[in-house]
S.K.: 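Sending over a structure as structure tokens; questions will come in a sec.
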Amino acid sequence: FAADIYKEAQRLIVLIDDIIQLSKLDEGGLQTEWEQVDLYTLAEDVCDALHAAAEKKQITMQITGMHSSVRGIYRILHEMLYNLCDNAIKYNRDGGSAEIQITQTETGTALTVSDNGIGMNREELEQNLGTIAFSGSSQLKEKLREDTASSVSSDSADIDIIGQFGVGFYSAFMVSDHIDVVSRRFG
């Protein structure tokens, strides 16, 4: 029991640090080390990290495509892909599958995560993703600050955004030129 509490506390410490770093990055106050990141190798790292969770639900994880490097911040890209794949496992059926695909397009490199999980219908997509997708993260945080000015600190508003959607999902909007979400509700 004590080991579980320690493990969860460590996870929360990392999450809080990530929240602080993303907030600073979003506001332009964080000096970051941009580097060439091989997306295929990154996908392998994420699959290794999620191996136990996938195995527990008998989810088959597959990486397809090619080695392709992009200029980015490894830690943020890792968190983004980890979050997407973690959700592909959590919201999948037992015995399902998830795939990470890296392809070259006319305009750059595309990273696609697909699964055969429960999916979302149009209303659920708009409800769960629309707020962040249609406003920049800074604008969303400002709106939350205005809405909760007297009762919640701005730091709490940042945590609420990330806690609801995940650090990786939040960071996707900071590092991507274009994001497509395609979903079909299971059943």
Side-chain angles (χ1 to χ4, degrees), residues 4 7-8 10-12 14-19 21-22 37-70 72-105 108-134 137 140 159-187:
D4 290 339
K7 182 179 175 183
E8 186 64 17
Q10 293 302 310
R11 187 189 71 76
L12 289 173
V14 169
L15 178 64
I16 290 167
D17 183 53
D18 286 345
I19 291 166
Q21 298 300 323
L22 285 172
V37 178
D38 183 306
L39 293 179
Y40 197 94
T41 302
L42 176 74
E44 291 175 325
D45 293 346
V46 167
C47 284
D48 287 345
L50 289 168
H51 177 76
E55 192 172 75
K56 186 175 182 178
K57 287 189 69 175
Q58 300 174 336
I59 306 293
T60 303
M61 297 287 296
Q62 181 178 2
I63 304 168
T64 60
M66 61 183 73
H67 286 269
S68 182
S69 292
V70 297
I73 302 168
Y74 177 87
R75 183 174 173 183
I76 292 174
L77 292 169
H78 184 279
E79 187 64 39
M80 176 189 71
L81 186 57
Y82 183 98
N83 182 258
L84 291 168
C85 292
D86 188 41
N87 286 338
I89 294 167
K90 281 182 191 175
Y91 301 110
N92 210 327
R93 63 182 195 276
D94 288 355
S97 64
E99 178 183 5
I100 304 168
Q101 185 178 35
I102 299 109
T103 55
Q104 285 299 123
T105 68
T109 302
L111 175 69
T112 304
V113 177
S114 58
D115 63 72
N116 59 355
I118 62 173
M120 289 185 274
N121 62 30
R122 183 187 251 329
E123 289 173 0
E124 291 167 325
L125 280 170
E126 289 175 5
Q127 178 183 6
N128 294 317
L129 306 180
T131 305
I132 289 179
F134 297 114
S137 56
L140 176 60
I159 292 169
D160 288 344
I161 296 169
I162 295 170
Q164 182 176 358
F165 296 102
V167 173
F169 182 79
Y170 178 78
S171 63
F173 289 90
M174 297 173 68
V175 299
S176 302
D177 292 328
H178 182 84
I179 296 175
D180 287 324
V181 178
V182 179
S183 184
R184 185 179 63 202
R185 183 79 171 137
F186 181 76

S.K.: Is the count of non-hydrogen atoms from other residues, nucleotides or ligands lying under 6.0 Å from Q62 atom CD greater than 12?
M.R.: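 Yes.
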S.K.: About how many Å separate CG of D48 and CE of M61, when rounded to the nearest 0.5 Å?
M.R.: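 CG of D48 is found 10.0 Å from CE of M61.
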S.K.: Side chain to side chain contact (heavy atoms under 4.5 Å, CB included) for I63 and I102? Distances and angles first, verdict last.
M.R.: CA-CA 8 Å; I63 304 168; I102 299 109; 4.1 Å; yes
S.K.: Would you compute the distance between atom CD of Q101 and atom CE of M66 and round it to the nearest 0.5 angstrom?
M.R.: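 The CD atom of Q101 sits 9.0 Å away from the CE atom of M66.
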S.K.: To the nearest 0.5 Å, what is the distance between CG (D45) and OH (Y40)?
M.R.: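 Result: 12.0 Å between the selected atoms.
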S.K.: What's the separation between atom NZ in K57 and atom OH in Y91, rounded to the nearest 0.5 Å?
M.R.: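 Interatomic distance, K57 NZ to Y91 OH, rounded to 0.5 Å: 9.5 Å.
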S.K.: By the definition side-chain contact (heavy atoms from CB on, under 4.5 Å), identify the one residue from V70, L81, I100 that meets it with L42.
M.R.: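 Testing each of V70, L81, I100 against L42, the sole residue satisfying side-chain contact (heavy atoms from CB on, under 4.5 Å) is L81.
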S.K.: If every non-hydrogen atom of T41 is compared with every non-hydrogen atom of D38, which pair is closest and at what distance?
M.R.: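 Minimum heavy-atom contact is N-OD1, 2.9 Å.
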S.K.: Show, in sequence, the C-alpha distance, side-chain angles and deciding distance for L77 and L111, and conclude whether the side chain to side chain contact (heavy atoms under 4.5 Å, CB included) test is met.
M.R.: CA-CA 11 Å; L77 292 169; L111 175 69; over 6 Å; no
S.K.: Report the distance from atom CD of E99 to atom SG of C85, rounding to the nearest 0.5 Å.
M.R.: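 These two atoms lie 10.5 Å from each other.
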S.K.: Would you tell me whether S68 and Q104 have side-chain atoms, one donor and one acceptor, within less than 3.5 Å of each other?
M.R.: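 A donor-acceptor contact under 3.5 Å links the two side chains.
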S.K.: So which heavy atom on I59 is nearest to which on A98, and how close?
M.R.: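 The answer is CG2-N, 4.1 Å.
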S.K.: Measure the spacing between OG1 of T60 and CG of D115 and express it to the nearest 0.5 Å.
M.R.: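 Rounded to the nearest 0.5 Å, the OG1-CG separation comes to 12.0 Å.
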S.K.: Do side-chain atoms of N92 reach the backbone of S97 as a donor and acceptor pair under 3.5 angstrom?
M.R.: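 Here the side-chain-to-backbone pair exists.
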S.K.: Quick check: closest heavy atoms across A53 and I89, and the distance to 0.1 Å?
M.R.: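 Result for this residue pair: O-CG2, 3.8 Å.
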S.K.: Step by step, work out the side chain to side chain contact (heavy atoms under 4.5 Å, CB included) result for V37 and H78.
M.R.: CA-CA 10 Å; V37 178; H78 184 279; over 6 Å; no
